[in-house]
Amino acid sequence: MIGKLEMLIALAKEQHFGRAATSIGVTQPTLSTGIRQLEDQLGVKLVQRGSRYGGLTPEGQRALVWARQIVGDARRLREEMRFTHAGLSGHLRIAVIPTALTTASRLAAAFNAEHPNVSFTIRSSTSIEVLTMLDNLDIDAGISYLDNEPLGRVSTAVLYRETYTLVCAGDHPLAARDRVDWSDLADQRLCLLTPDMQNRRIINKNFTEAGITPSAQLESNSTVVLVSQVQHGNSVTVLPADIAHFLTAGTGLKVIPIRQRHDGHAVGLVAPYQEPHTPVLKALLDMAHKLAAGRGGRRLTAGKPGRAE
């Protein structure tokens, strides 16, 4: 049953029998047979079939909710049993918004210092992708914004509040400033993250509040590309302070704080809402709280459903 439910989750995610089969390492006939057997066991039609995949039926959509819960519970059971005989070990998959990748690395390093038998995969993703991958059980946790857009039913642990900086060349007219306002960027050649990034939507809002309509000469989903463009393309960019200082170290570029109109948005760890969390995930949430305390961050209670206000 668990295997067949995993097939249903894969099919709902990929929306194609062949890709779903490849994603879980089985043949397409095996997956098709498994889905039909699941339908027989449950006594309902789960998938609309024609010449190709036609989506889930209403019963299939409801079954998908249960499938994610049951498969997630089964994985947590395996984690609990491994912990009883092997201690804290395993592998954590984390998806991270691009502007928080340096924080994700620090979190993994601090965690490994205390729990060396846990390995990590860290990937860069948009905030929407983070939530989608959590729903599909593709990741164990994410790092994203906590208070700007709806999160749904997740556990959260704040890591820091985002503050913004201007990144420009050392000989740029604004380079000598100790601080700039958003309005100072009105006529600048901007390179910014792509509009699908929540960071870009936040930056656009700050520009709008300052009476500016930003026009980016270059857009990218990579902060590395943005800083490289500043270095070689006579442009400026806006980035959160932490990633800006990391990427500009040794380049001769200037990082100048932008005056904040309000508290920066909270960025933190998000994980599926579970009672209880697996030992590894609980330890990760605890480590996030510890890092936040070290940075003067405000602690949020893990294990409570989170929703952006």
Side-chain angles (χ1 to χ4, degrees), residues 2 5-15 19-20 22-25 64-65 67-80 82-83 88-112 115 117-146 149-159 196-199 221-222 266-288 291 300 302-303 305-308:
I2 298 296
L5 292 175
E6 288 180 330
M7 292 178 183
L8 180 65
I9 293 170
L11 183 59
K13 174 189 172 186
E14 299 294 341
Q15 300 186 26
R19 290 196 299 269
T22 299
S23 72
I24 58 175
L64 178 63
V65 175
R68 288 169 171 163
Q69 180 178 324
I70 293 168
V71 170
D73 286 344
R75 292 179 182 179
R76 287 191 290 276
L77 173 61
R78 288 194 290 268
E79 291 282 339
E80 288 280 359
R82 183 172 63 215
F83 177 69
L88 211 61
S89 61
H91 184 79
L92 282 169
R93 304 161 299 164
I94 302 179
V96 184
I97 56 174
T99 54
L101 286 169
T102 48
T103 297
S105 178
R106 280 196 293 273
L107 176 62
F111 191 89
N112 279 146
H115 311 291
N117 293 326
V118 177
S119 59
F120 283 82
T121 295
I122 296 175
R123 59 179 294 176
S124 178
S125 305
T126 67
S127 57
I128 293 173
E129 288 171 341
V130 169
L131 296 179
T132 299
M133 286 187 284
L134 280 176
D135 282 342
N136 289 330
L137 307 179
D138 291 329
I139 57 173
D140 303 298
I143 295 178
S144 187
Y145 294 97
L146 302 183
E149 294 181 358
L151 293 175
R153 190 173 173 81
V154 295
S155 298
T156 61
V158 73
L159 286 163
D196 60 321
M197 297 286 177
Q198 193 172 163
N199 174 267
N221 63 358
S222 168
V267 176
L269 193 70
V270 294
Y273 179 68
Q274 302 166 358
E275 287 292 351
H277 287 296
T278 63
V280 173
L281 198 51
K282 181 180 183 303
L284 185 68
L285 286 160
D286 288 344
M287 181 57 69
L291 287 184
L300 298 182
R307 182 177 177 83

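These numbers were taken from a predicted model, which means no experiment stands behind them. Any value given below was found using the heavy atoms of this structure, including those in side chains, with hydrogens, waters and symmetry copies removed.
- Pairing each heavy atom of Ser127 with each of Gln198, the nearest pair is OG-NE2, 2.9 Å.
- When the salt bridge (charged side-chain N to carboxylate O under 4.0 Å, His left out) test is applied to Asp196, no partner is found at least two apart in sequence or on another chain.
- Judged as a ring-ring contact (aromatic ring centres under 6.0 Å, His included), and not counting sequence neighbours, the contacts of Phe120 are Phe111.
- Heavy-atom minimum distance, Ala141 versus Leu281: CB-CD1, 4.2 Å.
- Put simply, the side chain of Val280 does not reach to within 4.5 Å of the side chain of His91, judged on heavy atoms.
- In this structure, the separation between CZ on Arg106 and OG1 on Thr102 is 5.0 Å, given to the nearest 0.5 Å.
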Evaluate the side chain to side chain contact (heavy atoms under 4.5 Å, CB included) criterion for residues Ser124 and Leu101: first the C-alpha distance (whole Å), next the side-chain angles of each, then the deciding distance (0.1 Å), finally the verdict. CA-CA 7 Å; Ser124 178; Leu101 286 169; 4.1 Å; yes
Run Ile94 and Arg123 through side chain to side chain contact (heavy atoms under 4.5 Å, CB included) and show every step you take. CA-CA 6 Å; Ile94 302 179; Arg123 59 179 294 176; over 6 Å; no
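- Side-chain contact between Leu5 and Arg68: absent, with no pair of heavy atoms (C-beta onward) separated by less than 4.5 Å.
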Quick one: do Met133 and Ser125 satisfy side chain to side chain contact (heavy atoms under 4.5 Å, CB included)? Show the steps, please. CA-CA 10 Å; Met133 286 187 284; Ser125 305; 3.2 Å; yes
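- In plain terms, the two heavy atoms of Ala157 and Leu285 that are nearest each other are CB-CD2, 3.9 Å.
- Of all heavy-atom pairs spanning Pro272 and Leu134, the tightest one is CD-CD2, 3.7 Å.
- Considering Thr278, Asp140, Val118, Leu269 as possible partners of Leu284, the one that fulfils the side-chain contact (heavy atoms from CB on, under 4.5 Å) test is Leu269.
- At a threshold of 4.5 Å between non-hydrogen side-chain atoms, the residues Asp286 and Lys282 count as touching.
- Rounding to the nearest 0.5 Å places CZ of Arg153 at 12.5 Å from CG of Asp135.
- Side-chain atoms of Tyr145 and Leu151, non-hydrogen and from C-beta on, never get closer than 4.5 Å to each other.
- Side-chain N or O atoms of Glu129 include one that pairs as donor or acceptor with a backbone N or O of Thr126 at under 3.5 Å.
- Side-chain contact between Leu64 and Ile9: present, with at least one pair of heavy atoms (C-beta onward) separated by less than 4.5 Å.
- Rounded to the nearest 0.5 angstrom, Ser144 OG and Leu131 CG are separated by 6.0 Å.
- Val130 and Gly142 make their closest contact through CG1-CA, 3.9 Å (heavy atoms, listed as atom of the first residue, atom of the second, distance).
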Could you walk me through whether Thr103 and Val267 pass the side chain to side chain contact (heavy atoms under 4.5 Å, CB included) check? CA-CA 10 Å; Thr103 297; Val267 176; over 6 Å; no
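- Nearest heavy atoms, Met197 versus Asn221: CE-CB, 3.4 Å.
- With a 4.5 Å cut-off on side-chain heavy atoms, Ile97 and Asn199 do not count as touching.
- Considering only heavy atoms from C-beta on, Tyr273 stays 4.5 Å or farther from Val154 through its side chain.
- Few gaps surround CZ on Arg93; more than 12 heavy atoms of other groups in view lie less than 6.0 Å from it.
- Side-chain contact between Leu107 and Ile143 is present, with at least one heavy-atom pair separated by less than 4.5 Å.
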